[in-house]
**Q** 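Here it is, the structure in full.
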Amino acid sequence: MQFTLQHTDLKSQARAGLLQTDHGTIETPIFMPVGTVGSVKAVHQRELNDDIKAQIILGNTYHLYLRPGINILEKAGGLHKFIGWDKPILTDSGGFQVFSLSDTRKLKEEGVTFRSHIDGSKHLFTPENVVDIERSIGADIIMALDECTPGDAEYNYAKKSLELTLRWLDRGVKHFRETEPKYGYNQSYFPIVQGCVYPDLRKKSAEIIAELDMDGNAIGGLAVGEPAEKMYEMIEVVNEILPKNKPRYLMGVGTPENLLEAIERGVDMFDCVMPTRNGRNGMLFTKNGTMNMRNLKWADDFSPIEEDGASYVDTAYSKAYLRHLTMTGELLGLQIASIHNLAFYLWLTKEARKHIIEGNFSSWKINMLKQISNRL
RNA sequence: GGGCAGUUACCAGAGUGGCCAAAUGGGGCUGACUGUAACUCAGCUGUUUUAAACUUCGGUGGUUCGAAUCCAUCACUGCCCA
């Protein structure tokens, strides 16, 4: 994998780059749609490709390991083939499930034991076997197993949690270097910076990770309950240290505003369930602000979903129709909202990239922030 | 014509003397959602902007300290028998 920095903004840390993988080149900054169990919910691969113009999507190790299981994925020849997607894929390690399924997991030095949310069966994830599983899934970018520390964690807990994550990281990197990809193309292993909202922990974490000199680096444990200002502050602290010639991936973030603020602070890659999940729940993001499609005011608004929106669905359908689909629980409503939101997110990062290259990112961002903060 | 059952909020429907502005579900309104156990979750849904109070349970009249609940009567609806 190769990362090329094309432009760096003069007034900020924002950068535009190219990330080359064996499944194609990714133009950064980039938003990556989340396809947890091997599908971006309610969106066809063809729409993902042709309409949304996704360049890379996510899968999740924990979920894919439980279903369909590693055997099936190996028989299929890897996730790309299984799902019919020949562009890059990134898999999260299950670190987020350590956080989100905290009721059914136990952390130990060796790794983390989960109770399956499906049948209650017990499973052990270790830094090593997660690498193995991710080798079997065959994503282009695979993530280290970490503990995603809650945003409101006490210092002592955050410190211990970080130390465990770092010990896991050592083991994971070692195992990654000792193993080979299974499907004839390269995989890159991204370590994850933790440290909650504590600058010294974040610094320490970033320094150790910078030393490893992996193909790219991730910032995790943000947008998990801490104030947005803290998140921005942590990004600044971390990006001061993480190598400039490697892509930086801010995990699980976020709102359109979060994306712009993070891009300004030197982040290159994002993923978030927000465009798809909120879309399914009737919320639309547009360049003029957000809309709750269940609101009565759209009932007889026959204007396009978004005039000059990023997707064909924006002009193919009216607000009134989308509201109707949403209110009646029609599947088409989930599809339209998901396509719209993802197309908007991809448009937003593409536009950011364009303005970084043009050298007017900051003024564009200020204006954009104003627009997207509206409530329509 | 006779018999029986029924009429409760937007809809369906519980409640059969005080704990009832009235269960529950649906519908509706408004929020929330950040590396997806999420087509999910929360609040509100008689009126008065809150407190508190006021007006309601087909209509009218009555019994009672007190009625959605008991009685009388009228109206309407459904089912059954002619």
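Every chain is numbered from 1 and lettered A, B, ... according to where its sequence line falls, protein lines coming before strand lines.
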**Q** Strictly below 4.0 Å: does A/N292 bring a side-chain N or O up to OP1 or OP2 of B/rG31?
**A**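 The answer is yes; a side-chain N or O of A/N292 sits under 4.0 Å from OP1 or OP2.
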**Q** Could you state the atom-to-atom distance from CD of A/Q194 to P of B/rG35 in whole Å?
**A**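 It works out to 14 Å between those atoms.
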**Q** NA contact type, A/D146, heavy-atom cut-off 4.0 Å: base, sugar-phosphate, or nothing?
**A**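 Base, at least one base atom sits under 4.0 Å.
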**Q** Which whole number of Å gives the distance between the C1' atom of B/rU77 and that of B/rA22?
**A**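 Each nucleotide's C1' atom is 24 Å from the other's.
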**Q** OP1 or OP2 of B/rC29 less than 4.0 angstrom from a side-chain nitrogen or oxygen of A/R323, does that happen here?
**A**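 True: A/R323 side-chain N/O within range (under 4.0 Å) of B/rC29 OP1/OP2.
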**Q** Whole angstroms only, please: what is the CD-P distance between A/Q97 and B/rU34?
**A**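 Roughly 13 Å, once rounded to whole Å.
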**Q** Would you kindly give the CE-to-C1' distance between A/M251 and B/rG35, to the nearest whole Å?
**A**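 Between C1' of B/rG35 and CE of A/M251: 4 Å.
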**Q** NA contact type, A/I192, heavy-atom cut-off 4.0 Å: base, sugar-phosphate, or nothing?
**A**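 If one applies the 4.0 Å heavy-atom cut-off, A/I192 turns out to touch a base.
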**Q** Does B/rA37 have OP1 or OP2 sitting under 4.0 Å from an N or O in the side chain of A/S100?
**A**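 Result: yes.
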**Q** Mind checking A/R375 for me? I need base, sugar-phosphate or nothing, with any heavy atom below 4.0 Å counting as a touch.
**A**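 Touches sugar-phosphate only.
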**Q** Does A/R294 have a side-chain nitrogen or oxygen under 4.0 Å from the phosphate oxygens OP1 or OP2 of B/rC33?
**A**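 No, no such contact exists.
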**Q** Could you tell me the Watson-Crick or G-U partner of B/rU40, where both distances fall under 3.5 Å? Say none if there is no partner.
**A**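 Paired with B/rA32.
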**Q** It should be established whether A/N295 places a side-chain nitrogen or oxygen under 4.0 Å from OP1 or OP2 of nucleotide B/rU30.
**A**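 Checking A/N295 against B/rU30: at least one side-chain N or O falls below 4.0 Å of OP1 or OP2.
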**Q** Using atom CE of A/M291 as one end and atom P of B/rG31 as the other, report the distance to the nearest whole Å.
**A**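 It works out to 13 Å between those atoms.
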**Q** Of the nucleotides B/rC39, B/rC29, B/rU34, which one has an atom closest to the side chain of A/R280?
**A**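 Closest of the options to the side chain of A/R280: B/rC39.
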**Q** Nearest to the side chain of A/H63 - B/rU30, B/rC33, B/rU36?
**A**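 The answer is B/rU36, which lies nearest to the side chain.
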**Q** Just wondering, are more than 12 heavy atoms of other shown residues or ligands nearer than 6.0 Å to NZ in A/K160?
**A**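 Counting neighbours around NZ of A/K160, 12 or fewer heavy atoms of other residues, nucleotides or ligands fall under 6.0 Å, so no.
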**Q** May I have the distance from A/M143 (atom CE) to B/rU36 (atom P), rounded to whole angstrom?
**A**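 My rounded result for the distance is 11 Å.
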**Q** Categorize A/L101 for me: base, sugar-phosphate, or nothing, with a 4.0 angstrom heavy-atom threshold over every strand shown.
**A**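 Counting heavy atoms under 4.0 Å across all strands, the contact made by A/L101 includes a base.
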**Q** Is the side chain of A/T328 donor-acceptor paired with the backbone N or O of A/H324 at a distance under 3.5 Å, no angle test?
**A**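 A pair under 3.5 Å: yes.
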**Q** With C1' as the reference atom in both, quote the distance from B/rC39 to B/rU50 in angstrom, rounded to an integer.
**A**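 That atom pair is separated by 37 Å.
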**Q** Calculate the interatomic distance between A/L284 atom CG and B/rA32 atom C1'; express it in whole Å.
**A**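 Taking atom C1' of B/rA32 as the reference, CG of A/L284 is at 16 Å.
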**Q** With heavy atoms under 4.0 Å as the rule, sort A/R105 into base, sugar-phosphate or nothing.
**A**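 Here A/R105 touches no strand at all.
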**Q** Write down the distance separating the P atoms in B/rU69 and B/rU56, rounded off to the nearest Å.
**A**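 Each nucleotide's P atom is 13 Å from the other's.
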**Q** If you measure from the Lys or Arg side-chain nitrogens to the Asp or Glu carboxylate oxygens, is any gap between A/E128 and A/R171 under 4.0 Å?
**A**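 Yes.
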**Q** Find the distance A/R277:CZ to B/rC33:P and express it as a whole number of Å.
**A**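 After rounding, the reported distance stands at 10 Å.
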**Q** With a 6.0 Å cut-off on the ring centroids, do A/F125 and A/Y65 count as close?
**A**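 Yes, the ring of A/F125 comes within the 6.0 Å limit of the ring of A/Y65, centre to centre.
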**Q** Any base atoms under 4.0 Å from A/N281, or only sugar-phosphate, or nothing? Heavy atoms, all strands.
**A**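 Touches a base.
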**Q** May I ask which nucleotide in the shown strands pairs with B/rC79, Watson-Crick or G-U wobble, both distances under 3.5 Å?
**A**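 Pairing partner: B/rG3.
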**Q** Starting from P on B/rG35, measure out to NZ on A/K41 and report it in whole angstrom.
**A**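 Rounded to whole Å, this separation is 12 Å.
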**Q** Which nucleotide, if any, forms a Watson-Crick or G-U wobble pair with B/rU50, using both distances under 3.5 Å?
**A**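 Its partner is none (no Watson-Crick or G-U wobble pair with both distances under 3.5 Å).
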**Q** Which part of the nucleic acid, if any, lies within reach of A/G333 when heavy atoms closer than 4.0 Å are counted: base, sugar-phosphate only, or nothing?
**A**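 Result for A/G333 = nothing.
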**Q** From the set B/rC39, B/rG35, B/rU34, return the single nucleotide nearest to any side-chain atom of A/L58.
**A**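 Selected nucleotide (nearest to the side chain): B/rG35.
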**Q** Select base, sugar-phosphate, or nothing to describe what A/L331 touches, counting heavy atoms under 4.0 Å on all strands.
**A**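 Base, at least one base heavy atom under 4.0 Å.
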